[in-house]
Amino acid sequence: MAGEKITTRAEDYSQWYLDIVNRAGLSENSAVRGCMVIKPNGYAIWERMQRALDRMFKETGHVNAYFPLFIPKSYLAKEEEMAEGFAKECAVVTHYRLKSVPGKGIEVDPEARLEEELIIRPTSETIIWNTYKNWIQSYRDLPLLINQWANVVRWEMRTRLFLRTAEFLWQEGHTAHATSEEAEEETRRMVEVYKQFAEDYMAMPVLVGPKSEGQKFPGAVYTLCIEAMMQDKKALQAGTSHFLGQNFAKAFDVKFQSAQGKQEFAWATSWGVSTRLIGGLIMTHSDDQGLVLPPRLAPTHVSIVPIGKNDEERKAVVEAAQKLKAAIQALPRDDFFGYEPIEVKIDTDFDKSPGFRFNEIELKGVPVRVEIGPKDLAQNACVIGRRDIPGKDGKLMGIPLAEAPARIDALLREIQKSLFNRAKAYRDASLHTCDSYAEFQERIEKEGGFFLCHWDGTRETEDKIAAETKATIRCIPFDRPAEPGICMVTGKPSKGRVVLARSY
RNA sequence: CGGGGCGUAGCUCAGCCUGGUAGAGCGCUUGGUUUGGGACCAAGAAGUCGCAGGUUCGAAUCCUGUCGCCCCGACCA
C-alpha cells in the first residue's frame, strides 16, 4: 500500500477521492452496506469540527441535549410533507427480541412484535416537538435554543464515503420562538454561523441563500443553505438552516400563552451540518500528493522529521526535535487554535527513508513539516516545508532553530489564509453568468461550474432544467445583484439570478 | 429495482477459455546493509479460491442456485 502513488485528479476524480480517504486513513466501508467506519484520523477531524462548531453554538446561546434514536412511526405521519419526504428512506424496527433456534442459530422472535413500530431517526423534528409540547407553556419559556450531536439513518440507494452514507454523524439544532420574526432571525443567524465556520475553519468559500421550493427541506417554509464548489466544479450542499414556521407546532400541538394572554403556536427552526463536511474538506483542498488540511482543523499541525544515519546522529537530532517541539508548544495561545497548543508529532521511524517519511506526512495532510538532519544541526537550523506547496518547492531552508517556533506559528496562519484564497479564486473563476439556455447546456456539460442564470421561479422550469442538464438550482444567493431579467428557458420575467450547477 | 462488471493471501491482481500439487507484486515478520524526496539483500509467515449444491476418478477452473461488492441508470431534505 505505502509506496504507491494515489490516482491523480485528472485521471479519475472519484478514484482520487477514494484513494485519499483510504490512504490518509480517514474511513472505510464497513460490513454493513452503506455504513462507514470512521477511522481515528478521520474522527480526529470531526472532533476538531465539533469543538469549533459547539463553541459557536454556545456563543449564540444554545445548549446541548439528547433525544432518542427511535421515533414512533406515527410521529412521522403527523407532519405530512416530512412524512412524504423521508418515508422512502427510513429503517424500521419491528421486533424487540431474538430467540435461539436449535440448528438454525438466532432468529427474530415472531412473538416479540412491537405494538407500534419504531423508525430510526432520519432527523429529529418529530420526537423533539413532541417533547417541546411539555416544555413550552408560556412566552417566558421561549426562545428554546437546543442542539443535539447525534447519528441519523437515511437508507440511501447509493452511498459514498462521507458524502452520502446510510448512517452519519451530525448536529441538529431545534429552536422554538414566540414570533415568526424571531424564528426567521434565528434561521438566518445559524446559516451565517455555518458560513463563518466553513470559511474561517474549513477555508472553504460558500454561497449563502435560500433553496428553491423544489430543493427545500420537507416540512420547512423555506431552507437557507451554504453551498460550496468542489475541485471538479460540482456543488456540495454543506449546511442547511430551515425556517419551519408553525408546521411542527401545529402537528404536535405546541402552544404557549403570550404576554397578552392568548394561546399561540410556537415558531420553529432547525439547522444541521454533518460528517459530509469532511468530504467537502477533502475535495476543496487536497491535491495529487494526498490530503491537505487547513491548520485550524488539522489534528496534527506540525510533523518533525529527524534524519540520521547512526545512533550518535539520531540521538542529537531527536533531542533537537524534542526541544523544538517544546518551544512550539510553549508559544502563547490565542483564539486561532481555540486556546489550545499547536499539536506537534516527532516521526522517529528511522527504518524508513526520509523521502518516504516526507511523502507519508504529505499524504496525511499535516500542514507543516520540519526536517532536522546533521547538516542542519551543524548550523543550528532546520528545514520547514508547507503542505499547501508540496514537494521541494515549499521548503524553507536554513531556518535557525531559535526562530523556528515563531516562523511556524506565522506559517500556520498563512497557510490557513492561502488555502481559503486559493479555493475562492478557483470557485470565482468557475462562477459564470449565462443568459442563453443553449449556451448553458453546452457549458455545464463541457466545462462545469456554477452558473448565474435567470429563472422564472416555477417548479416546472426547475424540473425541466434538471431533467435536461442534470443541473439543479443550488442556491438563490443573498448577495445576488438585484437585476430583473427574463428566464433563460421560458423567456418569462425573472426577479434575479440563481445559481445552477451539478451537485453531489 | 433495471443494465454491465467483479468475488483467489492484509491489498492489487494472474490462473478459469482447454479440469490434474495454490501463484505474482506490494504489504507483514526476522536478520543484515542503508538513510536530505517513495532504499536494498536474504530468509519466513500468510489463502475454507464468496457460499451451497451438481457433473467428474479429480473442480479455483464446467453447470445450477445463492450471497456480497463495484460502476451506470432510477432515487436522494
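Keep in mind that what you see is a predicted model, and the values were worked out from it rather than measured. Order of the sequence lines sets the chain letters (A, B, ...), proteins ahead of strands, with each chain counted from 1.
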> Starting at the 5' end of RNA chain B and moving along, which residue's nearest nucleotide shows up first, A:T223 or A:K470?
Replying inline: A:K470
>> Mind checking if A:R357 touches a base, just sugar-phosphate, or nothing, with heavy atoms under 4.0 Å?
In response: nothing
> Is the base of B:G37 touched by the side chain of A:R369 through a donor-acceptor pair closer than 3.5 angstrom?
Replying inline: yes
> Given the P atoms of B:A22 and B:C16, what is the spacing between them in whole Å?
Replying inline: 16 Å
> So what's B:C69 paired with, Watson-Crick or G-U wobble, going by both distances under 3.5 Å?
Replying inline: B:G5
>> Both distances below 3.5 Å, Watson-Crick or wobble geometry, any strand: find the nucleotide opposite B:U29.
In response: B:A43
> Once you round it to whole Å, what is the distance between P of B:G10 and CD of A:E28?
Replying inline: 14 Å
> Does A:F350 have A:R357 sitting over its ring (NZ/CZ under 6.0 Å from centre, angle to axis within 45°)?
Replying inline: yes
> With sugar-phosphate meaning primed atoms plus P, OP1 and OP2, does A:K395 contact a base, only sugar-phosphate, or nothing at under 4.0 Å between heavy atoms?
Replying inline: base
>> Quick check: A:F162 with A:W46 (ring centres under 6.0 Å apart)?
In response: no
>> Please give me the minimum heavy-atom distance between A:P218 and A:F86, naming the atom from each residue.
In response: CG-CE1, 3.9 Å
> What is the distance from CG of A:N310 to C1' of B:G36, rounded to the nearest Å?
Replying inline: 15 Å
>> For a quick check, tell me whether the side chain of A:K309 and the base of B:G36 share a donor-acceptor pair closer than 3.5 Å.
In response: no
> Got more than 12 heavy atoms from elsewhere within 6.0 Å of CG, A:N310?
Replying inline: yes
> Given the P atoms of B:C28 and B:C11, what is the spacing between them in whole Å?
Replying inline: 15 Å
>> Please pick, from B:G36, B:C75, B:G38, the nucleotide with the shortest atom-to-atom distance to any side-chain atom of A:V383.
In response: B:G36
>> If you take any heavy atom closer than 4.0 Å to RNA chain B, which residues from residues 373-381 of chain A end up in contact?
In response: A:G373, A:P374, A:K375, A:D376
>> Mind checking if A:G219 touches a base, just sugar-phosphate, or nothing, with heavy atoms under 4.0 Å?
In response: nothing
> Does a side-chain heavy-atom distance below 4.5 Å link A:P477 with A:V499?
Replying inline: yes
> Could you state the CG-C1' distance from A:D311 to B:U34, rounded to the nearest angstrom?
Replying inline: 14 Å
> NA contact type, A:K211, heavy-atom cut-off 4.0 Å: base, sugar-phosphate, or nothing?
Replying inline: nothing
> Rounded to whole angstroms, how far apart are CG on A:N359 and C1' on B:A39?
Replying inline: 13 Å
> Counting side-chain heavy atoms from CB outward, which of B:G38, B:C70, B:C76 is closest to A:R164?
Replying inline: B:C76
> Would A:R189 and A:E186 satisfy salt bridge (charged side-chain N to carboxylate O under 4.0 Å, His left out), going step by step from the backbone distance to the final call?
Replying inline: CA-CA 5 Å; A:R189 179 181 307 120; A:E186 168 80 0; 2.7 Å; yes
>> For the P atoms, the ones on B:U30 and on B:G73, what distance do you get once it is rounded to whole angstrom?
In response: 48 Å
>> Within 45 degrees of the ring normal and closer than 6.0 Å to the centroid, is that where the cationic atom of A:R369 sits relative to A:F358?
In response: yes
> More than 12 non-hydrogen atoms from neighbouring residues, nucleotides or ligands closer than 6.0 Å to CD on A:E312, yes or no?
Replying inline: no
> Given the C1' atoms of B:G15 and B:U55, what is the spacing between them in whole Å?
Replying inline: 22 Å
> Quantified in whole Å, what is the C1' atom distance between nucleotide B:A60 and nucleotide B:A9?
Replying inline: 14 Å
> Between B:C76, B:G73, B:G37, which nucleotide has the shortest distance from any of its atoms to the side chain of A:E156?
Replying inline: B:C76
>> Counting only side-chain heavy atoms from C-beta out, which of B:G36, B:C75, B:A39 sits nearest to A:M157?
In response: B:C75
> How far, in whole Å, is B:G38 from B:C49 if one measures between their C1' atoms?
Replying inline: 33 Å
>> Heavy atoms only, 4.0 Å cut-off, all strands: where does A:E81 land among base, sugar-phosphate and nothing?
In response: nothing
>> Checking base pairs now: Watson-Crick or wobble, both atom distances under 3.5 Å. What partners B:C62?
In response: B:G54
>> Please report the distance separating the C1' of B:G44 from the corresponding atom of B:G27, rounded so that it comes out in whole Å.
In response: 14 Å
>> Cation-pi check for A:Y504 against A:R276: NZ or CZ below 6.0 Å from the six-membered ring centre and within 45 degrees of the axis, yes or no?
In response: no
> Does B:A22 pair with anything, Watson-Crick or G-U wobble, both distances under 3.5 Å, and if so, with which nucleotide?
Replying inline: none
> Reckon A:V305 touches a base, only the sugar-phosphate, or nothing at all at heavy-atom distances under 4.0 Å?
Replying inline: nothing
> Expressed as a whole number of Å, how far does the C1' atom of B:A14 sit from that of B:G7?
Replying inline: 15 Å
